[in-house]
There are 2 protein chains.
Amino acid sequence: MRESEVPESRPYHHGDLRRALVEAACRLLEKEGAQALSLRAVAREAGVSPAAPYHHFKDKSELLDAVAHEGWEKLDLAFQAARDAHTSPPDRVRELGVAYVCFASQHPDLYRVMYDCSRDKADMPAHVLENEESAYRRVREVLISAGADPSDEIGLELATIACWCAAHGLAEMTSFKQFEPLKEALGGEEAFLRGVLAHVGVFAKGL
Amino acid sequence: MRESEVPESRPYHHGDLRRALVEAACRLLEKEGAQALSLRAVAREAGVSPAAPYHHFKDKSELLDAVAHEGWEKLDLAFQAARDAHTSPPDRVRELGVAYVCFASQHPDLYRVMYDCSRDKADMPAHVLENEESAYRRVREVLISAGADPSDEIGLELATIACWCAAHGLAEMTSFKQFEPLKEALGGEEAFLRGVLAHVGVFAKGL
DNA sequence: GCGCTATCTTAGCGTTGTTCAAATAAGAAA
DNA sequence: TTTCTTATTTGAACAACGCTAAGATAGCGC
């Protein structure tokens, strides 16, 4: 093994190309936007041939899946911060929603990749649904602590889904030009988000 | 002119190629899905050369805009039907939401094109916002007739936006696999939709 | 008849996703 | 050590894409 760990001329075998590709994709996503995120561009950004990624990902969508997974983990961090920043359960519900939409607003291209992956597979992201520590569970638990009846399994699930729908819808619409004046009138985007979410039952009063 | 060079059904100059292209695109969208909707495929479906569309649309996105416009008009018809099918204002609010999501559920690829166009331009579709007879206005008016204070301009707008967000979010998520069991438990997709929307304040009680 | 202009086609450029055989490096076996 | 084996990476190639340019065609006014 050469001592030059990160030399100018990369060694023939990349240390962890899979990881490097995902990072290159994220970098490209912030720099050039979702439209510029081609497999070849990612390979270029990682300094590797166009065919190299195929030894680590079956196809382009699998690379995007990995990027999306990274995104959901980042979102999860934002969720934890929002939860820990408030003690009152109703506040927590609302602020979880605000944190969700703010994340999407700050990383619009990443969020787009994240949801495109979910939609293409008609699948809630695994990290969101299956994991014990998932964001979905987190919303559910905050709803319970805010007064939702834990024995009403169906009602609880419907409420949780309603949260997701409102948050996702708002996340995709908050950047629309037509809302600019309203945001200004309310004194910023966050006030706007809270204003909208206040009309969603589960966000307004924790069920 | 060689008359049998080209099928007799179409002379060298197409009657209304612009229209034919939009229709071909819609046909292709239902038949093959959004992924297969390339400009060249649309030209092929319309029986025309790959370069022909460029005399009627600046680029591909402009063709998609036309397709999306068609979509919003179709949705508007569904809206009118839902509105006319109910007299009670609260029912109307809820059923507008159900009609919206059902439309998206029945034409998923068209709906995707519709919203992708809006998002790319950070623009609520013109047909939705600017027109007097627009769907946006329609929601707004039903909210007023359901008891919303018409003098509270900001509150009214926030409520209308909340409606759109919940409906759009649900429209994009209702096809997720994970919701199948819940739909069955509730006896169908429409019941599921009503169940979710019931947790959105504006849909639940007309503000 | 004449020309003008909009429309449509053919040909071609650069890019993309993907495959495949060949080249290379790293590790195990000898 | 040398050799064999396997995992990576490359270069070349293919089909399809969006788009442009230059030429062919047809309808319309003169």
Side-chain angles (χ1 to χ4, degrees), chain A residues 1-25 28-29 31-68 109 113 116-117 120, chain B residues 1-25 28-29 31-68 109 113 116-117 120:
Chain A
M1 172 198 304
R2 295 239 162 258
E3 65 165 328
S4 45
E5 303 265 29
V6 190
E8 289 262 332
S9 55
R10 317 284 171 209
Y12 190 91
H13 279 91
H14 198 293
D16 186 358
L17 183 54
R18 188 192 158 92
R19 176 92 205 146
L21 285 169
V22 174
E23 281 170 7
L28 218 52
L29 206 51
K31 210 171 22 173
E32 317 258 1
Q35 193 188 5
L37 196 67
S38 69
L39 233 191
R40 292 177 107 105
V42 172
R44 231 171 306 162
E45 171 80 18
V48 106
S49 87
Y54 285 90
H55 293 265
H56 302 271
F57 302 98
K58 187 172 116 286
D59 53 17
K60 183 185 180 183
S61 80
E62 209 170 278
L63 206 208
L64 294 186
D65 283 349
V67 173
D109 297 283
V113 169
D116 280 353
C117 286
D120 285 347
Chain B
M1 169 184 178
R2 306 175 291 272
E3 38 214 310
S4 48
E5 182 79 51
V6 181
E8 87 295 334
S9 59
R10 185 176 42 267
Y12 188 91
H13 278 89
H14 197 292
D16 186 358
L17 182 55
R18 188 192 158 92
R19 177 92 206 148
L21 285 169
V22 174
E23 281 170 8
L28 217 53
L29 206 51
K31 209 171 21 174
E32 317 257 1
Q35 194 189 5
L37 196 67
S38 69
L39 235 188
R40 292 175 107 106
V42 172
R44 227 172 304 152
E45 171 80 19
V48 108
S49 88
Y54 287 91
H55 293 267
H56 301 272
F57 301 98
K58 185 171 119 285
D59 53 17
K60 183 185 180 181
S61 80
E62 210 171 278
L63 205 207
L64 293 186
D65 282 348
V67 173
D109 297 283
V113 169
D116 280 352
C117 286
D120 285 346

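Only heavy atoms go into these numbers, but all of them, side chains included; no hydrogens, no water, no symmetry mates. Residue numbers start from 1 in every chain, and the chains themselves are labelled A, B, ... in the order their sequence lines are given, proteins ahead of strands. What you are looking at is a predicted structure, and each value in this text was computed from that prediction instead of being measured.
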Looking at every non-hydrogen atom in both residues, tell me the closest pair between A:P53 and A:A43 and how far apart they are.
CG-CB, 4.0 Å

Assert: residue with more 5' nearest nucleotide on DNA chain C, out of B:S49 and A:R44, is B:S49

Round to the nearest Å and state the distance from B:D16 atom CG to D:dA26 atom P.
19 Å

Can you tell me how far apart CD (B:E23) and CG (B:L17) are? Round to the nearest 0.5 Å.
11.0 Å

What side-chain donor-acceptor pairs closer than 3.5 Å can you find for residues 58-67 of chain A, not counting sequence neighbours?
| from | atom 1 | to | atom 2 | distance (Å) |
| --- | --- | --- | --- | --- |
| A:D59 | OD1 | A:S61 | N | 3.4 |
| A:D59 | OD1 | A:S61 | OG | 3.1 |
| A:D59 | OD1 | A:E62 | N | 3.3 |
| A:K60 | NZ | A:L37 | O | 3.3 |
| A:E62 | OE2 | A:K58 | N | 3.2 |

Looking at C:dC8, I'd like to know if its phosphate oxygens (OP1 or OP2) sit under 4.0 Å from a side-chain N or O belonging to B:H56.
yes

With a cut-off of less than 4.0 Å, is there a side-chain N or O of B:R18 near OP1 or OP2 of C:dA6?
no

CD of B:Q35 versus C1' of D:dA16: gap in Å, rounded?
13 Å

Provide, to the nearest angstrom, the distance between the CG atom belonging to B:L63 and the C1' atom belonging to D:dC17.
15 Å

Output for pair (B:L39 CG, B:L21 CG), nearest 0.5 Å, gives 8.5 Å

Is it the case that the side chain of B:D109 and the backbone of B:A34 share a donor-acceptor pair, with hydrogens and angles ignored and the cut-off at 3.5 Å?
yes

I need the NE2-P distance between B:H55 and D:dC19, as an integer number of Å.
14 Å

Which residue, A:L17 or B:A36, contacts DNA chain D at a nucleotide closer to its 5' end, judged by nearest heavy atom?
A:L17

Do any pairs count as a salt bridge (Lys or Arg N to Asp or Glu O under 4.0 Å) and have a residue in residues 37-47 of chain B, sequence neighbours left out, and if so which ones?
B:R27-B:E45, B:K31-B:E45

Under 3.5 Å, which protein N or O atoms sit close to an N or O of nucleotides 17-19 of chain C? Give each pair with its distance.
| from | atom 1 | to | atom 2 | distance (Å) |
| --- | --- | --- | --- | --- |
| C:dG17 | OP1 | A:L39 | N | 3.0 |
| C:dG17 | OP1 | A:K60 | NZ | 3.0 |
| C:dG17 | OP2 | A:L39 | N | 2.9 |
| C:dG17 | OP2 | A:R40 | N | 3.1 |
| C:dG17 | N7 | A:R40 | NH1 | 2.5 |
| C:dG17 | O6 | A:R40 | NH1 | 2.8 |
| C:dT18 | OP2 | A:Y54 | OH | 3.0 |
| C:dT18 | OP2 | A:K60 | N | 3.0 |
| C:dT18 | O5' | A:Y54 | OH | 3.2 |
| C:dT18 | O4 | A:R40 | NH1 | 3.3 |

